[in-house]
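Everything below concerns the one structure shown next.
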Amino acid sequence: MWDHVTRAKDSEKSIESTPRSTSAGGHATPSFSAFNAVIKSSFSGTSSAEVSPSKPNLEKILRQPVNFRDVVITTTQSSISGGLNSPTKSVEIDLHASTSVGNLAEVDSLGSLYSEQPQYASVQRSKMVIIMVGLPGRGKTFVCNKLKCYLNWLGHVTGHFNVGNYRRNQKLGDLTQDASFFCHTNGAGLELRQKALDSALDDMMRWLNTGSGQVAIFDATNTTASRRQLLRDKLHGRCQYLFIESICNDMETLERNYMNKLMYSPDYAGVNVEEALRDFKARIQAYEDVYEPITDRSFHYIKLIDMVTGRGYMDINRISGYIPGKLVFFLMQVCRAGLGNARKIWLTRHGESEYNVLKLIGGDSNISGEGEKYATALPKVLEARLPQGEATPLQVWTSTLKRTIQTAQHLPFAKLRWKALDEIDAGVCDGMTYEDIAEKMPEEFAARKSDKLGYRYPSGESYMDVIQRLEPVIIEIERQKDSVCIVAHQAILRVIYGYFMAVSPEEIPRLSIPLHTLIELTPMPDGQMSVQMLPVDINADPSTLLENLASNPSPLPVLAS
Ligand code: F6P
């Protein structure tokens, strides 16, 4: 029965390697798991019930002895190929090893949105807590927000629990939260800080245990060994957990971080800069008095040391597994770029194409006359929006399709073509209108309507596939210190915008990304994006173009019905 075995490996678009691929019928297939192994096997028969993987079968597949109690089959899926009536079907199975709880070194069993609900294990096995460590002003919240965007985008529902917000929201009576509040000898301050910690922790555990939440990021200083031990005791045996410590000794970076803190933290709203800076430095000193960096090698941790300077390094201790490994790689890129200079990220669809006019999907048509007007207006608009003061270089990225290349043709900046930015592949539906699909392929049309995220066009792609293929682009945007203008396509920009704005994956395919509109993303110090929609009036007289732009911002992308 088991006549074909494939070990998961990194190769584009292969079912075996994708953590969230879909079958032709549009159903989500299993994700990577403990061994990073999705086993694909053809079998004869008419029902997946016939594919019951026995111990000898599994041993044959894994080429190693299997303790059956350690291996749990979580998902099976049939009908990958051959059609419903074909005697040959394929099946995919996720294997999860049940090693000791909390041991990230051996297991990575986070269920993703793209996998079916894991039924195999207790709630704990599929949940993870990331605990931040570090003095104030070390970019912890930046890291948290970036991780939240990334994990959420990969399909892991991620929550951010910021203890500072709980502290600020407490009723304090006469107590003010200036630097003295944070002194380790201030009993009242200690009590209130402990209360804020407890509330955040309780909310986090409730969120993890009762909802669909999979990863919680616990954002606090956690600078003492006793505090970390307390958290470890709370979490050990309940879920997986790891610590991320952010250390920065570079004065230039610190000064910049401090200024950002003063400008954006609610703690210093309305306080003059000098006074705020003095207080913030005194607060940091209060923490430094009791700070104990992580030294206990029995902890699972990632230390980020002076990463933003470009001369920093990471100390990675007892971290392995698919998701933790991805986090290490991601942090390596994201923390390097940090917030060095003011930069922008612009997203724009190509100018109207001949296919757009005919309401055809896909293809590789030229831009229309209206599209050319947009291409002509774009240089002026972009130049006006470039960050002033600093000479921040701009790169223009397009897909390899004519409509994006033509839209970018007048832009006087360095250009790069990415195959990964090509529009979603509509497979056999390429060149059709939505009406044609509804009429000629009603089942496909209905399947896409009911699950637009997971649905894969026959011989084409799903939004999940697009998310996967755009990961290198996202990483590259995050690595850049320059401004970037991405001229691409509707589905592609939904996915990129969805990443930066932490839109839930199910909502990504329904975001409205209008033609002839520049979406301007401005990275904020806390890792979030400020966004502005700038519709370009392509018929405006060039002299009024910029005026119209400024006076006519449009609402942010909404969900289309
Ligand atoms: O219609 C323009 C277009 O870019 C098509 O080429 C593409 O198939 C489609 O948009 C993607 O949008 P949706 O996922 O809503 O069909």
Side-chain angles (χ1 to χ4, degrees), residues 13 20-22 24 26 28 114 153 347-368 370-372 374-375 397-408 417-470 473 486-499 501 503-519 557-561:
K13 278 213 217 167
R20 43 173 189 270
S21 56
T22 56
Y114 307 113
W153 190 72
L347 309 178
T348 175
R349 284 176 73 181
H350 51 80
E352 183 193 67
S353 69
E354 288 165 354
Y355 259 40
N356 290 148
V357 176
L358 299 170
K359 298 198 170 13
L360 303 174
I361 64 172
D364 189 14
S365 65
N366 294 313
I367 51 176
S368 68
E370 297 291 281
E372 176 53 35
Y374 182 64
W397 296 355
T398 67
S399 72
T400 64
L401 298 172
K402 284 192 289 193
R403 53 196 187 275
T404 63
I405 296 167
Q406 289 168 1
T407 304
R417 288 180 198 170
W418 285 78
K419 179 88 183 128
L421 286 173
D422 285 1
E423 181 55 304
I424 188 170
D425 182 351
V428 300
C429 298
D430 190 276
M432 293 171 83
T433 64
Y434 292 113
E435 286 73 25
D436 283 343
I437 302 172
E439 193 190 309
K440 295 181 186 141
M441 307 170 80
E443 280 165 20
E444 295 297 332
F445 189 81
R448 189 164 202 254
K449 199 163 178 205
S450 74
D451 176 16
K452 200 170 172 188
L453 175 67
Y455 172 84
R456 176 184 285 157
Y457 282 110
S459 306
E461 288 179 302
S462 67
Y463 268 88
M464 289 178 187
D465 294 331
V466 173
I467 290 175
Q468 184 168 8
R469 87 160 132 97
L470 280 172
V473 178
I486 299 173
V487 185
H489 307 264
Q490 174 155 251
I492 299 302
L493 296 178
R494 281 176 175 149
V495 169
I496 297 176
Y497 179 89
Y499 163 78
M501 300 306 290
V503 176
S504 82
E506 292 92 343
E507 292 183 341
I508 285 176
R510 294 196 294 127
L511 289 169
S512 68
I513 307 284
L515 280 173
H516 304 166
T517 302
L518 201 59
I519 302 177
V558 286
L559 294 184
S561 59

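Counting convention: from 1, in listed order, for ligands and their atoms alike. This structure is a prediction, so every number in the text was calculated from the model and none was measured.
- Side-chain polar atoms of R494 and Y463 form a donor-acceptor pair below 3.5 angstrom.
- Here the side chains of L421 and T398 are not in contact, with every heavy-atom distance at 4.5 Å or above.
- H350 places none of its side-chain heavy atoms less than 4.5 Å from the side chain of Q406.
- A salt bridge links E461 with R469: the closest approach of a Lys/Arg side-chain nitrogen to an acidic carboxylate oxygen falls below 4.0 angstrom.
- Near ligand 1, residues R349, N356, I361, G362, E423, I424, Y434, R448, K452, Y463, Q490, R494 come within 4.0 angstrom through at least one heavy atom.
- Looking at heavy atoms from C-beta onward, V473 lies in side-chain contact with W397 at the 4.5 angstrom threshold.
- A heavy-atom distance below 4.5 Å is found between the side chains of Y457 and I361.
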